[in-house]
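To start, the structure itself, in structure tokens.
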Amino acid sequence: MATEQRQHEESGDHERDVGPFTRWVQSSIRNPQRAYRAMFYVLMIFFLLTTLFPFYWLLVLALTPTEALSNIGLLPNGFNPGAFVDIFEILPFHVYMFNSFVIALASTVMVLLIGSLAGYVFGRFDFPGRGALMLILLTISFFPPVGFILPLFQLFTGNVNVLGISSPMLFNTPFAVLLPAGALYMPLSIFILTTFYRQIPDGLEDAARIEGTTRIGALFRVIIPLSAPGVATAGVLTFIYVYNEFFFSYLMTNGEAENWAPILWGVLGYQTQYTAQYNLMAAASIVGVLPVAILVVLAQERIVSGLTSGALKE
Amino acid sequence: MAKVTLENVTKRFDDVVAVDDMNLEIPDGEFVTLVGPSGCGKSTTMETVAGLTMPTEGTIYIGDREVTTLPPKDRGIAMVFQNIALFPHMDVYDNISFGLRLRDFDEEETDRRVDDAAETVQMSGMLDRMPSEMSGGQRQRVAIARALVREPDVFLMDEPLANLDAKLRVHMRTELQRIHRELGTTVIYVTHDQAEAMTMSDRIAVIDGGELQQIAPPLTCYNEPSNLFVAGFIGSPSMNFAEGVVGPNGFESEHIDVEFDPSTLRVNEGDAVTIGVRPEDIYPTATAGSVSHATAEIETTTDVLEPMGDEILVYLLLTEEAEIDLEDPEAGDQLLMSVDPASDIEEGQTIRVALDREKIHLFDVESGEAIAHGLVQPTQAKGAAGTEAEGDD
């Protein structure tokens, strides 16, 4: 008891001699958990600021009236929620959104359908060259889209002739965006679905086939329902990717809403050669982001469980 | 209902012959068990009947229809799997009615059949449970109901009881027999469990190395095994074997001689042969008086005793130096004897035993084929060798 008390007094004397920072360092050395927690908060606040500040800034821009669009600080120069209405009056922004939505949804369906068939084959059959084929597939998905733009543009504008039949005119249709964007995102989906379909026990597929399905029937009635987290992950990721896609969205349409131009063209549509209505562009951006934000919030649990359970076998 | 015929069915995987020229004819309504050690091809044989595996060669008929290349759904079969394989995302009703819904049965008929099937397996009232909420035995009943409900021509069961605990397994065994009796459907049953094979089947097909060794009623396989493999595989604990040669007065080996007249059997003097005798057909000479045809006495030393309750298993050493090798009961210098639990037998005791000649089997060493069952001289025995009628269970 006595020695303990003396030690305490000694250390008390010691602490009185030094500044608060040194004291904090000393206590952190004694109790490292404090330092870890401090680091955690610093990093978390940093990431939250870097991701959320742009959104806040968009909101500031959107709420600022058009005539006050210079020298904007951290607070809007005025309050003009009318920008969120104006965007629909100046341009048919809802049509652009609808276009993006249809394109993203259609390519998600395409990717899940074709990706499921491919994932079934990659996951449940053993054939020579399976690993090499998967590698090639993944490699292609890492190519920059610009590598494909010239041949694809030729193809989609009807300038490729095969045996006297010219390719269909897909420019200014949703297919011009959803086909290349979906195709580039397909390999990752195939990869995700492969790991999921591989884990379904053979016995369940056998049972389904004995009960009266074909192999494809067993895929859709048993394997896909049991792989729901993986299918949801692949679907949500594809949807977000295609919805956010810039490159083909910009180049494969002339930018008219009636020509299936996506949101990108809507947002850019508020600038003309001499003016740029940044408040409207900001408002449009916020409205355009909302569907994806809602989707992520709703599906985040599925996505996280899907991404991790693909990697870890139970 | 239908008979099942396999003609020259062969299944080769890359470098393994899983099923080798299998010929089977299973009449309508019969309960046939395919039995054999792990990897013997019994499951592959069943998969070719189910259509989950295409045979490399050969033809399969169900009824009069050739089904060799038909997909499983068109074969009129139902199957119960070892791992039960209920669809985890469906409740009991959906699991049982899965096949009916695929075949567009109307709702009333589906309901009626599901209720019937659930009643047969005593699972009525649990139709809205999910598989994860049920015990192993309940799941297996649902799997059986799923097979029953389509009223298939042939039932295939691939070790359906293997994943159940011992007590439940015995119970489900009788349940399956009851269901078979009620429905009279042809059943092909795969197992490596002898007790299941012996108790449930009309006939047992013993398979080894992808080849059919013997197909016969259980007691015939037990009493008249057609070769060394069947003799060693059927029966637990397994048969004792001793290798020797045919001498002028019968079987001769280092420790055991059995007198018989070689001229009455299909053997020549000098042939290498093996005799087999089951543990319950060896007697201490003290009680051998009840055996009408005993062999000459053999002097042995008792080693390990295994009291089982209804019998005592005694490991006998034929020589001083011999060591008991429990892993390999077929090693030549030991015998396993089963005696009455009341007998006062001790470890390390010298004891004289005799074999019951009516129950000795004689095999050709080279081919493994059985030559005779029962080495009793025709003049002494009532019937010819190999036709003793009494059961031995």
Side-chain angles (χ1 to χ4, degrees), chain A residues 112 116-117 119-121 123-132 192-193 195-236 299 301-302 305-306 309-310 312-314, chain B residues 13-14 43-44 46-47 49-54 67 70-90 94-105 131-132 139-140 142-150 152-160 162-163:
Chain A
L112 287 185
S116 281
L117 295 175
Y120 175 75
V121 173
R124 304 191 69 82
F125 285 91
D126 209 7
F127 54 91
R130 182 177 64 175
I192 294 173
L193 294 174
T195 52
F196 271 87
Y197 295 169
R198 179 176 294 149
Q199 289 172 20
I200 305 299
D202 284 345
L204 288 179
E205 190 186 351
D206 288 346
R209 287 175 63 207
I210 297 265
E211 287 299 302
T213 68
T214 56
R215 277 185 184 276
I216 302 288
L219 171 66
F220 283 97
R221 285 172 188 275
V222 175
I223 297 174
I224 290 181
L226 288 177
S227 308
V231 176
T233 306
V236 169
E301 222 165 282
R302 278 271 162 103
S305 78
S309 72
L312 285 168
K313 186 125 173 63
E314 73 275 13
Chain B
F13 293 107
D14 291 337
S43 285
T44 311
M46 173 170 281
E47 281 172 14
V49 177
L52 296 170
T53 303
M54 293 288 152
V67 298
L70 283 185
K73 68 190 179 73
D74 300 330
R75 294 190 177 203
I77 50 160
M79 189 160 170
V80 181
F81 293 84
Q82 177 178 0
N83 52 14
I84 299 175
L86 290 184
F87 306 121
H89 57 303
M90 301 179 189
D94 285 347
N95 260 294
I96 297 179
S97 62
F98 187 77
L100 298 180
R101 285 181 287 132
L102 284 170
R103 286 173 176 75
D104 291 328
F105 274 75
S132 57
R139 283 182 217 178
Q140 195 53 279
V142 175
I144 292 167
R146 182 175 67 181
L148 292 174
V149 78
R150 299 205 330 267
D153 296 331
V154 181
F155 261 129
L156 305 176
M157 302 196 185
D158 188 359
E159 308 207 24
N163 286 351

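Nothing here was measured: the structure is a model prediction, and the numbers come from that model. Sequence lines set the chain letters: A, B, ... in the order given, protein chains first and strands last, and positions in each chain run from 1.
The pair A:R124-A:D202 meets the salt-bridge criterion, since a charged nitrogen lies less than 4.0 angstrom from a carboxylate oxygen.
Within the 4.5 angstrom heavy-atom criterion, only side-chain atoms of B:L102, from C-beta onward, approach chain A. For chain A, no part of B:L156 is nearby; none of its heavy atoms comes within less than 4.5 Å. If you measure heavy-atom distances from A:R221 to chain B, the contacts under 4.5 Å come from both the backbone and the side chain.
Contacts with chain B were tallied for A:P225, A:G203, A:A207, A:P201; A:A207 has the most, counting heavy-atom pairs under 4.5 Å. Heavy-atom pairs under 4.5 Å with chain A were tallied for B:G51, B:P72, B:A147, B:A50; the largest tally goes to B:P72.
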Worked check of side-chain contact (heavy atoms from CB on, under 4.5 Å) between B:Q140 and B:V80: CA-CA 8 Å; B:Q140 195 53 279; B:V80 181; 3.2 Å; yes

Steps toward side-chain contact (heavy atoms from CB on, under 4.5 Å) verdict (A:V222, B:F98): CA-CA 11 Å; A:V222 175; B:F98 187 77; 4.3 Å; yes

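In this structure, B:R146 forms a cation-pi arrangement with B:F87, its terminal cationic atom sitting closer than 6.0 Å to the ring centre and no more than 45° off the ring axis.
Checking side-chain atoms of B:T53 against main-chain N and O of B:T44 turns up no donor-acceptor pair under 3.5 Å.
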